[in-house]
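Hydrogens, waters and symmetry mates play no part in the numbers below; they use all other heavy atoms, side chains included.
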Protein chains: 2
Amino acid sequence: MKNDNHNHEGSHPSNIEHIRHSLAHLLATATLSLYPDTLVTIGPAVENGFYYDMDFTTPLTEKDLESLNKRMKEILREWKKAASKSEEKGFVCKKVSGDEAKALFQNNPYKLELIEEIIAKGEEITLYVSGDGSPYPFTDLCRGGHIDDVSQIDENSFKLARIAGAYWRGDEKNKMLTRVYGLAFNTKEELQEYEYMLEEAKKRDHKKLGKELGLFTFSELVGPGLPLWSPKGTRIREALNDYVMELRARYGYQKVSIPHITKKDLYEKSGHWEKYKDDLFKIETRENHLYAMKPMNCPHHTQIFDSEMRSYRDMPQRYCETTAVYRDEQSGELSGLSRILCITQDDAHVFCRVNQINEEVEHVWNIIMEFYSTFGFSNITPRLSRRDPETPEKYLGEAKNWDLAENTLKEVIESHTKEWIDGPGEAAFYGPKIDFMAKDALGRKHQVATIQLDFVQPSRFELFCINEKGEKESVVMLHVAIMGSIERFLSVIIEHFAGAFPLWMSPVQLRIVPIGERQLQFADEVYKKAKALGIRVDLDSSNDSFGKRVRNAKTEKVPVVAVIGDKEMESNQLTLEGRSEKIGVFNVDEALDMILTNSRNKSLHI
Amino acid sequence: MKNDNHNHEGSHPSNIEHIRHSLAHLLATATLSLYPDTLVTIGPAVENGFYYDMDFTTPLTEKDLESLNKRMKEILREWKKAASKSEEKGFVCKKVSGDEAKALFQNNPYKLELIEEIIAKGEEITLYVSGDGSPYPFTDLCRGGHIDDVSQIDENSFKLARIAGAYWRGDEKNKMLTRVYGLAFNTKEELQEYEYMLEEAKKRDHKKLGKELGLFTFSELVGPGLPLWSPKGTRIREALNDYVMELRARYGYQKVSIPHITKKDLYEKSGHWEKYKDDLFKIETRENHLYAMKPMNCPHHTQIFDSEMRSYRDMPQRYCETTAVYRDEQSGELSGLSRILCITQDDAHVFCRVNQINEEVEHVWNIIMEFYSTFGFSNITPRLSRRDPETPEKYLGEAKNWDLAENTLKEVIESHTKEWIDGPGEAAFYGPKIDFMAKDALGRKHQVATIQLDFVQPSRFELFCINEKGEKESVVMLHVAIMGSIERFLSVIIEHFAGAFPLWMSPVQLRIVPIGERQLQFADEVYKKAKALGIRVDLDSSNDSFGKRVRNAKTEKVPVVAVIGDKEMESNQLTLEGRSEKIGVFNVDEALDMILTNSRNKSLHI
């Protein structure tokens with residue numbers, strides 16, 4: 001059965017799961033037909049496809065995948081042929097005794113290990129036979145979950161993708177097996193769509209684009225994981241940060257500023273020293289004091305809160321600061337902007353009373369939704385990470401505060417959406433939180449923001465305000481980063497936009513390209529006019545040919561190019577070109593005014 | 001002779017020097033008359049007064065200064081009386097042999113040591129006798145430089161000020177002597193003016209005001225020398241920094257962004273490791289690499305310049321960045337914001353061709369002059385620090401570049417002012433520079449900005465551009481900080497403005513004070529209106545009395561207070577008060593518009 005509905009996967013997840021699992025059996029069958037000495041082990045369905053871990057006598061290489069893929073399709077045809085002549089259309093289940101199973105797999109120690117385990121647990125042993133009646137019958141030890149009718153599998157909707165090493169049962173003490181991955185979807189079109197997405201993701205790779213667009217660089221002298229931001233990259237960082245700050249200012253957030261180091265005393269008091277000391281960059285001063293570079297900002301911010309007596313009238317105090325934190329990561333784990341040593345967090349901490357949590361979370365919710373929708377992220381789904389109701393003793397702080405806080409978070413979520421994920425047992429020991437997941441332009445999911453409640457630090461630092469009765473009242477702390485870190489967010493949106501940033505955040509918004517020397521003076525006047533207006537503009541007067549200069553502007557993904565020839569010069573006009581099409585011919589002032597107006601509109605994706 | 005010209009000191013520096021030196025002799029005379037066992041040593045004139053270092057048999061305390069001061073005046077009267085009866089009006093010089101001198105000072109080992117030295121150098125030994133014919137004659141070993149006529153000294157124009165310890169001849173291996181300081185001017189009025197300035201400086205102390213105004217705090221947990229900036233302090237920092245950036249943007253400076261750490265490799269290449277490694281905060285990573293926190297930004301910035309091939313058309317590259325640098329200072333040397341561990345530099349580096357130095361320096365000159373005159377700093381005097389012509393071998397780089405660079409700096413200076421200081425031999429080994437000195441509101445001089453040329457780093461990092469001929473051409477680097485550091489600049493201007501910052505940089509520009517509960521709603525509407533306009537506004541609705549709330553606003557030096565009573569509420573008006581006087585009654589929109597307009601005018605000091 002061919003299925004043309006591209007969204008099938010979403011509506012019938014179990015069917016595609018069954019196809020993928022069935023294909024794992026088919027892969028094992030094909031492998032054994034080409035490499036009979038292979039020991040097959042385990043082959044589950046996974047996201048986007050399936051795999052099978054196998055022990056080959058001679059190593060399999062990527063080059064071998066094509067013939068293996070071809071053999072899978074041949075065998076599938078034979079299985080379909082046999083099924084068409086039989087009452088059994090799919091996989092036939094056989095319950096067997098332990099001894100029968102062991103006899104069948106006597107030469108496969110992996111399967112024998114699995115069988116012993118099933119026996120030990122007292123569970124039923126089931127075998128699944130596929131291709132019965134075909135030249136390629138295959139029997140596997142399996143719990144089931146296959147397609148009812150092999151004819152439902154479209155041979156063009158799957159493909160072997162790659163090979164990886166994998167330890168038997170994930171344990172590095174065991175033998176390294178060969179894992180063969182396949183992609184599988186309901187239809188050929190879905191497969192193609194997914195492959196296009198992979199291809200596109202490779203092209204959009206932020207490490208590659210970051211270099212091509214001249215946004216950041218790494219220096220061997222400075223070290224890995226420490227990006228240096230060029231003027232262009234810095235402009236984007238600033239545009240993003242200004243936007244976050246603009247949204248926050250609406251809700252009374254105020255900027256503060258702290259140093260990047262501290263005596264270890266601060267972290268002993270906060271509890272971070274004990275938990276994270278191995279992950280900190282540590283400094284021994286000339287006077288032999290032990291300092292650390294900050295891996296987070298909250299303990300420093302508590303000291304600002306604590307520097308004055310706070311009345312209930314001063315609450316909440318909302319501090320925000322975009323500042324670098326440092327973590328001593330292993331160099332092997334560093335990658336592009338996704339994993340670095342110097343992380344610029346757009347951090348904020350709200351110190352508030354328990355009865356203010358609702359309103360504060362509501363504010364953050366609004367900021368997050370507005371921010372992410374501006375970038376065109378769809379399907380923002382919240383998850384409530386709360387206590388495990390079975391083990392209340394694992395959590396610090398008073399139960400009544402936890403109840404209140406969890407209920408408050410839940411109320412805020414439910415007032416906005418019915419689509420949320422419940423996460424019992426996923427709270428941190430110091431408080432519940434809401435995590436947000438968003439899908440980018442390629443449909444990839446990213447965890448994008450978190451609102452975290454914290455009872456523990458306020459208690460360790462004894463933070464309080466004086467309430468209406470003149471009594472000390474313990475306060476609560478909210479940890480909130482909107483982007484998380486500028487670097488991680490940039491790594492996501494460079495790929496999301498494929499480097500073609502919206503006008504408002506483009507490092508160069510307008511490039512002026514005169515056709516030749518003759519228009520240079522006029523071009524320079526236009527350049528100065530644009531600059532004076534605050535447009536991020538540059539002028540390409542290099543020796544390259546006109547065509548080359550226009551192509552360069554496209555390669556650099558400049559959103560608007562103003563071409564100036566004699567005609568434009570004489571009529572005081574500009575011919576504007578967008579990234580992919582001509583925008584039009586406009587009077588100079590009109591053109592600049594239009595660019596300026598559009599550059600202030602963040603909802604425009606041009 | 002009474003002198004009413006307050007500027008006398010400036011026009012006749014030698015006369016006041018002579019008075020001060022004469023007063024040192026008078027101090028020694030008075031001391032010996034009260035404490036005859038004292039051994040007097042050396043007593044010179046200094047800025048604003050004089051001192052005498054003496055070896056007391058019983059310790060002198062601050063309390064003893066009053067009687068000593070009184071005795072000085074009594075003796076001065078006696079000296080004047082004796083002078084009026086004699087032909088000798090002042091200090092009489094006597095040339096003596098070494099033996100005579102030694103006989104005279106046989107009981108004073110300090111004077112004997114000085115005499116031996118004079119003899120060893122083969123110089124003349126001179127004694128100066130004062131008060132001859134009075135009951136208090138005094139003879140001192142001295143080179144001269146006294147007032148011609150003791151009657152010229154006004155007994156009300158000097159005053160003993162304080163006591164300090166001082167090692168004999170400044171050597172800590174020697175005995176600690178007691179240094180008695182006196183203030184001395186031409187007139188009583190000048191003395192009073194100076195004392196007022198000292199008193200005012202104490203009141204304006206930035207550590208005291210910073211706390212009172214809630215700008216920054218220190219935490220024992222974080223450590224000394226590491227200020228934490230409150231929302232108010234951060235607003236001032238940002239206003240200052242935005243201003244510097246606004247001035248720089250006019251000249252094509254672009255922001256960049258670097259991490260705060262680096263592998264030591266960067267500093268080995270730059271040469272900083274060898275010179276400054278003891279002053280760096282060093283980090284050993286989990287993988288045992290040696291990193292350092294950056295004590296300056298130039299080496300990092302070279303790596304951004306070096307990340308792309310630069311054509312002469314790309315030059316100059318002007319990078320600016322306001323970022324924290326860290327230096328491992330001794331904790332005993334830390335003081336307020338003047339000496340800290342975390343220094344926020346408003347740093348910039350211009351990479352340019354030698355023939356572009358003139359224009360670039362001119363730009364910086366303009367920025368510095370505009371910036372400092374905005375704050376009302378007067379008498380900005382440049383100093384050209386250049387090579388010592390006698391030791392050209394001490395300096396790195398080609399002589400012709402040095403000639404060109406020094407001449408260029410001199411040309412720029414002379415095109416602006418004839419009043420500049422020549423500093424031969426004061427260049428750094430890597431290039432010449434211009435230092436700027438400015439006087440604050442109390443007449444105190446501060447070194448405020450520097451333009452530094454650097455041939456060495458571009459050469460060590462092999463930085464070049466491709467010139468018109470297609471050849472590699474070495475570039476030059478300019479180091480420029482306008483404020484130097486935000487902290488140091490703030491320590492200066494907090495005192496310069498006595499915390500009463502101009503409107504444009506005030507952390508709170510407008511405070512709304514309703515007389516009572518009844519006006520609260522109206523006050524809140526005004527507050528929201530002001531906030532929406534971008535005015536930094538707050539509303540004092542606390543329980544304090546109306547009078548107390550107005551006083552609080554004055555103590556916090558809020559530039560504009562809007563008082564709201566029934567009358568204002570009914571007529572939709574605000575009564576505006578400045579820091580010292582009433583501004584007037586205005587319609588709400590008119591008032592807010594006026595505040596907004598004035599807050600954008602940096603030349604207004606209200």
### Query
What do the steps show when you test B/T217 against A/Q303 for side chain to side chain contact (heavy atoms under 4.5 Å, CB included), and what is the final call?
CA-CA 8 Å; B/T217 188; A/Q303 298 305 290; 5.8 Å; no

### Query
Nearest heavy-atom pair of A/R286 and B/Q330: which atoms, and what distance?
NH1-NE2, 3.5 Å

### Query
When only pairs under 4.5 Å are counted, which of B/S219, B/C342, B/A532 shares the most heavy-atom pairs with chain A?
B/S219

### Query
With respect to chain A, which residue among B/K269, B/E308, B/E238 yields the maximal number of heavy-atom pairs within a distance under 4.5 Å?
B/E238

### Query
Picking from A/H300, A/Q317, A/E329, A/E284, which has the most non-hydrogen pairs under 4.5 angstrom with chain B?
A/H300

### Task
Check each atom of B/D306 against the heavy atoms of chain A and say whether the ones under 4.5 Å are side chain, backbone, both or neither.
neither

### Query
Within a reach of under 6.0 Å around CD of B/E517, are more than 12 heavy atoms found that belong to other residues, nucleotides or ligands?
no

### Message
Is it the case that the side chain of A/R313 and the backbone of B/S541 share a donor-acceptor pair, with hydrogens and angles ignored and the cut-off at 3.5 Å?
### Response
yes

### Region of B/L280 in contact with chain A, defined by heavy-atom distances below 4.5 Å
neither

### Query
Relative to chain A, which segment of B/R235 carries a heavy atom at a distance below 4.5 Å: side chain, backbone, both, or neither?
side chain

### Query
Is there a side-chain contact between B/P224 and A/K263 (heavy atoms, below 4.5 Å)?
yes

### Query
Where does A/R250 contact chain B at under 4.5 Å (heavy atoms): side chain, backbone, both or neither?
neither

## Note on the structure
For A/V256 and B/P231, the nearest pair of non-hydrogen atoms, with its separation, is CG1-CD, 3.6 Å

### Query
So which of A/S257, A/P299, A/G223 has the largest heavy-atom pair count under 4.5 angstrom toward chain B?
A/S257

### Message
Counting neighbours of CD on B/E274 that are heavy atoms of other residues, nucleotides or ligands and sit closer than 6.0 Å, is the number greater than 12?
### Response
no

### Task
Pick whichever of B/Y319, B/Y291, B/F281, B/Y326 has the most heavy-atom pairs under 4.5 Å with chain A.
B/Y326

#### Entry: Smallest separation among heavy atoms of A/A249 and B/K531, with atom names
O-NZ, 3.8 Å

### Query
Which one, B/K282, B/M293, B/H260, leads in non-hydrogen pairs under 4.5 Å with chain A?
B/H260

### Message
Using only atom types and a distance under 3.5 Å, with no angle test, would you say the side chain of A/E287 pairs donor to acceptor with the backbone of B/S331?
### Response
yes

### Query
Under 6.0 Å from the OH atom of A/Y276, do we count more than 12 heavy atoms belonging to anything else shown?
no

### Task
Measure distances from B/E220 to the heavy atoms of chain A and classify the residue's part below 4.5 Å as side chain, backbone, both or neither.
backbone

### Task
Between chain A and each of B/L341, B/D279, B/N543, count heavy-atom pairs under 4.5 Å; write down the option with the most.
B/N543

### Query
Of all heavy-atom pairs between B/T234 and A/K255, which one has the smallest distance, and what is that distance?
CB-O, 3.3 Å

### Message
For B/P259 versus A/P227, what's the shortest heavy-atom pair and its separation?
### Response
CD-O, 3.4 Å

### Proximity breakdown for B/Y253 and chain A, heavy-atom pairs closer than 4.5 Å
neither

### Query
Can you tell which of B/I258, B/D278, B/I304, B/I283 has the highest number of heavy-atom pairs within less than 4.5 Å of chain A?
B/I283

### Message
How close do A/T262 and B/L221 get, counting heavy atoms only, and between which atoms?
### Response
OG1-O, 3.5 Å

### Task
Tell me, out of A/D328, A/I261, A/I340, who's got the most heavy-atom pairs with chain B below 4.5 Å.
A/D328

